[in-house]
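Please read the structure below before turning to the comments.
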There are 2 protein chains.
Amino acid sequence: MIGDMGRWEPNARGRLEQAALDLFSERGFDATTVKEIAERAGLTERTFFRHFADKREVLFGSSPLQESLVTALDAGPDTVAPIDAIAVALRVTADLLQERRELARRRQAIIDAHTELQERELIKLASLSSALADALRRRGVAEPAASLAAEAGIAVFKIAFVRWVNESNRQDLPELVQDALDELKAVTAGK
Amino acid sequence: MIGDMGRWEPNARGRLEQAALDLFSERGFDATTVKEIAERAGLTERTFFRHFADKREVLFGSSPLQESLVTALDAGPDTVAPIDAIAVALRVTADLLQERRELARRRQAIIDAHTELQERELIKLASLSSALADALRRRGVAEPAASLAAEAGIAVFKIAFVRWVNESNRQDLPELVQDALDELKAVTAGK
DNA sequence: CGGGTGATGACAGAGACTGTCATCGCTATG
DNA sequence: CATAGCGATGACAGTCTCTGTCATCACCCG
């Protein structure tokens, strides 16, 4: 418990996120009630739901990945092939994510332990894929190439991320992304 | 209402699925309570939860896709490239699915209207992808090629399926799958 | 016909989420 | 400095999902 702070203590949302992360780590997602999260943050259950649409969303509320990916994609020149534009965006974003490795690990451990959280993660990734496809279309890429390239990019990122989080030795995430992409190219080439 | 049937009317599970599909179509997913579904099927709410883990699962309980995909993959010769083995399995399964077009449309309309249902659909597809990757590994495909090929295959299937469901003119689903796969190959080749 | 077994009903209860209204702290404005 | 407005919070009641528990019912087996 942080202590009872009156109303208007700053950063209510951040306090809720921190409290949730701690409690989920300690007791697990199911064994933690929203009321408990709110109380640890010095707030009420009702206020929790004003900041987050549901109990799961507190783990997914701040995700700078989408912005980074889309920005990087829009920035690159329109001349390169879609898959290469995606490769660049993925590596830039991977580099960003790399700075928060411990937070990412902790969060992922919670998510991996609960199916409901995996569902939420998957739909966030789908939204990411959709945003990527939009950005590609803005670059003049037609359908279904845009959607396919976006889906392929997300798949590559997912697989690289899993390796990065699980390996105990610090491997470079952008490198893992590049490796996974090369593997995908090899596989789809029919080998 | 089907009428009040005593206990032991046959196919309780099927009646629940049918009642749910009808009610979700009529009123929407949120506006339908589990109690209403159960009553239309001549059962109680408690019994609903004995057949389905949660309210969403009633739409996903019977999915023969996974079995078909894995069976088809295991059946093919080990000599072909992973991506081609997947292509065959996808086309065989697409052909199966094609027979239930109207049911698929109705179901998909409900799913598309509710985020929570899309979450469940995505995790079912992830499970499918995982099963595909397992089957590939049984064929001797190494990681991460197996996972990447499986993810790519699911992406191809997803995009072909969307087109098949939305187009008013009856296009051949296996053909759409093949087209999407060819597109993916072109995209990952760097064009 | 009695016992066993599995499916169902009845009931209570926890917890997620929503609607509504009161209350609080800050700020602009006179 | 008073006060009115505004956004964030609290308080409270209520619905619905989902679970645990025990009784009851239909069927099958000997």
Side-chain angles (χ1 to χ4, degrees), chain A residues 1-21 23-24 26-61 110-111 113-120 123, chain B residues 1-21 23-24 26-61 110-111 113-120 123:
Chain A
M1 180 93 63
I2 294 181
D4 50 15
M5 34 201 76
R7 292 178 174 186
W8 275 252
E9 286 294 322
N11 196 22
R13 189 184 173 93
R15 268 154 47 216
L16 286 168
E17 287 175 348
Q18 188 62 51
L21 198 64
L23 284 170
F24 292 164
E26 293 170 16
R27 317 180 190 172
F29 181 79
D30 289 331
T32 303
T33 70
V34 171
K35 192 181 177 192
E36 290 169 340
I37 299 170
E39 279 170 2
R40 179 172 293 210
L43 296 166
T44 63
E45 189 186 7
R46 190 66 185 85
T47 296
F48 177 96
F49 286 110
R50 287 199 180 94
H51 285 277
F52 302 99
D54 58 54
K55 184 180 170 185
R56 289 175 283 163
E57 194 65 13
V58 70
L59 274 176
F60 298 89
I110 299 171
I111 292 173
H114 300 279
T115 308
E116 346 163 43
L117 294 174
Q118 291 159 29
E119 290 187 348
R120 179 58 49 88
I123 208 169
Chain B
M1 178 92 64
I2 294 182
D4 52 14
M5 35 200 75
R7 293 178 174 186
W8 275 250
E9 286 294 321
N11 196 23
R13 189 184 173 95
R15 267 153 48 213
L16 286 168
E17 287 174 347
Q18 187 63 49
L21 198 66
L23 284 170
F24 292 164
E26 293 170 17
R27 317 181 191 173
F29 180 79
D30 289 331
T32 303
T33 69
V34 172
K35 193 181 176 194
E36 290 168 340
I37 299 171
E39 279 170 359
R40 178 172 293 210
L43 295 166
T44 64
E45 188 186 6
R46 190 64 185 86
T47 297
F48 177 96
F49 286 110
R50 287 200 181 93
H51 285 277
F52 303 99
D54 59 53
K55 183 181 170 185
R56 290 175 282 163
E57 193 66 13
V58 70
L59 274 176
F60 299 89
I110 299 171
I111 293 173
H114 300 277
T115 307
E116 344 162 45
L117 294 173
Q118 291 159 30
E119 290 187 349
R120 178 58 50 87
I123 208 169

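Note: hydrogens, waters and symmetry copies are ignored here, and every other heavy atom, side chains too, is used.
Remark: Q118(A) engages no residue in a side chain to side chain donor-acceptor pair (under 3.5 Å) (not counting sequence neighbours). In this structure, the salt bridge (Lys or Arg N to Asp or Glu O under 4.0 Å) partners of D54(A), at least two apart in sequence or on a different chain, are R120(A). Residues forming a side chain to side chain contact (heavy atoms under 4.5 Å, CB included) with R27(B) (at least two apart in sequence, or on another chain): L23(B), A31(B), T32(B), E36(B), R40(B). Applying the side chain to side chain contact (heavy atoms under 4.5 Å, CB included) criterion to T44(B), with sequence neighbours excluded, gives R46(B), T47(B). Take E45(B) and apply the side chain to side chain donor-acceptor pair (under 3.5 Å) test, not counting sequence neighbours, and it matches no residue. Residues satisfying the side chain to side chain contact (heavy atoms under 4.5 Å, CB included) criterion with F52(B), sequence neighbours excluded, are R13(B), L16(B), E17(B), F48(B), E57(B), V58(B). For the side chain to side chain contact (heavy atoms under 4.5 Å, CB included) test, residues two or more places apart in sequence or in another chain that qualify with F29(A) are F24(A), K55(A), R56(A), H114(A), E116(A), L117(A).
Per the geometry, CG belonging to D30(A) stands 12 Å off C1' belonging to dA16(C), to the nearest Å. Remark: C1' of dG15(C) and CZ of R27(A) are 15 Å apart, rounded to the nearest angstrom. L16(A) has its CG atom 15 Å from the C1' atom of dC17(C), to the nearest Å. Note: NZ (K35(A)) to P (dG13(C)) measures 17 Å, nearest angstrom. In this structure, R13(B) places its CZ atom 18 Å from P of dG6(C), rounding to the nearest Å. Here the C1' atom of nucleotide dC16(D) and the CD1 atom of I37(B) are 12 Å apart, to the nearest Å. Look at CD on E116(B): it is 14 Å from P on dC16(D), rounded to the nearest Å.
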Report all interatomic pairs (protein N or O, nucleotide N or O of nucleotides 18-20 of chain D) with separations under 3.5 Å.
| from | atom 1 | to | atom 2 | distance (Å) |
| --- | --- | --- | --- | --- |
| dC18(D) | OP2 | K55(B) | N | 2.7 |
| dG20(D) | N7 | R46(B) | NH2 | 3.0 |
| dG20(D) | O6 | R46(B) | NE | 2.7 |

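Rotation axes derived from the C1' atoms of the five outermost pairs at either end of the helix from dC1(C)-dG30(D) to dG30(C)-dC1(D) lie 0° apart, to the nearest 10°.
For the atom pair E119(B) CD and I111(B) CD1, the distance stands at 12.5 Å (nearest 0.5 Å).
At dC16(D), none of the side-chain N or O atoms of T33(B) fall inside 4.0 Å of OP1 or OP2 (strictly under the cut-off). Using a 4.0 Å cut-off, some side-chain N or O of T44(A) falls inside it from OP1 or OP2 of dG10(D). Here H51(B) does not reach the OP1 or OP2 of dA7(C): none of its side-chain N or O atoms lies under 4.0 Å away.
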